[in-house]
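Notes to accompany the following structure.
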Amino acid sequence: MTLDRMSFDLAPLAPYAGDLAAGARLSALACALALAGGLALGVPVALMRTAALPLARGAAEVYVDIFRNVPFIVQLFFLFYGLPEIGVELSAFGTGVLALSLAGGAFSSDVIRSGILAIEPGVLEAAQVSGLSRFAIARRIVLPIALRSSLRPLGSVFVNLILTSSILSAITLNELTGSAKIIAADTFQPFEVYALLLLLYAVLTWLVSLSAGLLHRRLNRAQS
């Protein structure tokens with residue numbers, strides 16, 4: 001498309017709607033699994049970062065620093081191209097989910113740690129006086145309060161996972177961005193394809209942010 005013949009025609013993309021939908025489903029699945037994996041990592045890491053043991057805090061900080069400060073594409077390439085050299089080989093999808101989970105765990109631990117530190121000291125003191133063990137306090141008091149207060153920021157972490165998942169096309173995974181690249185090459189209409197891709201990502205992230213906000217307000221109303 002040139003300036004002297006500017007048009008916006010989505011008709012040639014209609015036969016590829018199924019491919020784009022399949023890519024969107026693959027992106028959604030990868031991000032959902034990565035969110036679960038990131039929370040499974042983020043919760044214990046956040047607890048370790050607030051623990052009294054220096055060794056636990058140090059190990060957690062090293063993990064967070066690595067996955068928060070190293071470019072995601074470097075992490076992705078290490079897992080996809082580097083690990084097979086030592087006999088660990090994963091599919092492109094498995095590698096993508098693992099990479100997103102590791103990165104998501106680092107960022108979600110920041111959010112959950114902030115939620116833990118925001119808990120009123122009096123709440124913890126009352127729990128200790130009642131005779132609860134440290135594990136019981138963490139499971140029944142600390143984590144429920146921290147996760148509830150962290151819900152909206154965790155929504156932002158999920159949004160970031162969705163945006164970051166576009167990099168998975170670099171390891172030949174035909175998620176949403178990977179599918180769009182193939183369609184743009186087949187149709188020679190990169191303007192229309194990437195404009196549509198931009199709109200899809202904007203809608204997806206807006207829906208996630210809206211859902212997180214609504215859930216946060218509903219839980220607050222239920223609590224009050």
**OP:** State, yes or no, whether a side-chain contact exists between Asn69 and Val64 at a heavy-atom distance under 4.5 Å.
**Re:** no
Original post:
Run the side chain to side chain contact (heavy atoms under 4.5 Å, CB included) check on Phe107 and Val111 step by step: do they pass?
Top reply: CA-CA 7 Å; Phe107 286 102; Val111 172; over 6 Å; no
Original post:
Do Leu47 and Leu143 come close enough that some side-chain heavy atom pair is under 4.5 Å?
Top reply: yes
**OP:** Looking only at non-hydrogen atoms, find the nearest pair between Leu13 and Glu192 and report the distance.
**Re:** CD1-CB, 4.0 Å
Original post:
Around atom CZ of Arg68, are there more than 12 heavy atoms of other residues, nucleotides or ligands at under 6.0 Å?
Top reply: yes
Original post:
Going by heavy atoms in the side chains, are Leu168 and Phe72 under 4.5 Å from each other?
Top reply: yes
Subject >> Val159 reachable from Leu29 in the ILVMFWY side-chain graph, under 4.5 Å edges >> reply: yes
**OP:** May I ask whether Ile182 and Tyr194 are part of the same hydrophobic cluster, defined by side-chain heavy atoms of I, L, V, M, F, W, Y residues being less than 4.5 angstrom apart, directly or through others?
**Re:** no
Original post:
For Ser150 and Gly115, which heavy atoms make the closest approach, and how far apart are they?
Top reply: OG-CA, 3.8 Å
Subject >> Between Ser109 and Arg49, a side-chain donor and acceptor under 3.5 Å >> reply: yes
Subject >> Backbone of Ala212 reached by a side-chain donor or acceptor of Arg152 within 3.5 Å >> reply: no
Subject >> Pairs where residues 153-176 contributes a residue and the test side chain to side chain donor-acceptor pair (under 3.5 Å) is met, not counting sequence neighbours >> reply: Ser169-Lys181
**OP:** Evaluate side chain to side chain contact (heavy atoms under 4.5 Å, CB included) for Leu176 paired with Tyr201, printing each intermediate quantity in order.
**Re:** CA-CA 9 Å; Leu176 187 55; Tyr201 274 115; 3.8 Å; yes
**OP:** Supply the atom-to-atom distance Leu98 CG to Gln75 CD, rounded to the nearest 0.5 angstrom.
**Re:** 10.0 Å
Original post:
Which pair of heavy atoms, one from Gly38 and one from Ser108, lies closest together, and at what distance?
Top reply: O-OG, 3.2 Å
Subject >> Heavy-atom closest contact (Pro190 atom, Ala184 atom, distance) >> reply: CA-CB, 4.1 Å
Original post:
Can you check whether Ile137 reaches Val142 side chain to side chain, under 4.5 Å on heavy atoms?
Top reply: yes
Original post:
Do other residues, nucleotides or ligands put more than 12 heavy atoms under 6.0 Å from the CG atom of Leu55?
Top reply: no
Original post:
Could you give the distance from CD1 (Ile145) to CD (Glu120), rounded to the nearest 0.5 Å?
Top reply: 9.5 Å
**OP:** Could you check Thr95 against Phe77 for side chain to side chain contact (heavy atoms under 4.5 Å, CB included), going step by step and ending with a plain yes or no?
**Re:** CA-CA 9 Å; Thr95 302; Phe77 283 172; over 6 Å; no
Original post:
What heavy-atom pair brings Ala30 and Phe93 nearest, and what distance separates the two atoms?
Top reply: CB-CE1, 3.8 Å
Subject >> Sequence-distant partners of Glu89, side-chain hydrogen bond (donor to acceptor under 3.5 Å, both in side chains), two or more places apart >> reply: none
Subject >> Side-chain donor or acceptor of Arg57 paired with backbone N/O of Thr50 under 3.5 Å >> reply: no
**OP:** Scan residues 26-64 for pairs that pass ring pair (Phe, Tyr, Trp, His ring centres under 6.0 Å), counting only residues two or more places apart or in two chains.
**Re:** Tyr63-Phe67
Original post:
When hydrophobic residues are tied together by side-chain contacts of less than 4.5 Å, even through go-betweens, does Leu76 share a cluster with Ile162?
Top reply: yes
Original post:
Can you name the closest pair of heavy atoms from Ala138 and Pro144 and give their distance?
Top reply: O-CD, 4.1 Å
Original post:
So do Asp186 and Tyr16 actually touch side chain to side chain, heavy atoms under 4.5 Å?
Top reply: yes
Original post:
Heavy-atom distance under 4.5 Å between the side chains of Ile116 and Arg113, does that happen here?
Top reply: no
Subject >> Criterion side chain to side chain contact (heavy atoms under 4.5 Å, CB included) on Leu90 and Leu79, from CA distance to verdict >> reply: CA-CA 8 Å; Leu90 299 172; Leu79 294 174; 5.9 Å; no
Subject >> ILVMFWY network linking Leu199 to Val193, side-chain heavy atoms under 4.5 angstrom >> reply: no
Original post:
With side chains defined as the heavy atoms from C-beta onward, is the minimum distance between Leu39 and Leu154 less than 4.5 Å?
Top reply: yes
Original post:
Below 4.5 Å, heavy atoms only, C-beta onward: do Leu197 and Thr177 meet side chain to side chain?
Top reply: yes
Original post:
What distance do Leu41 atom CG and Ile112 atom CD1 have between them, rounded to the nearest 0.5 Å?
Top reply: 10.0 Å
**OP:** Verify the cluster assignment for Trp206 and Leu215: are they in a single hydrophobic cluster under the rule of side-chain heavy atoms below 4.5 Å apart?
**Re:** no
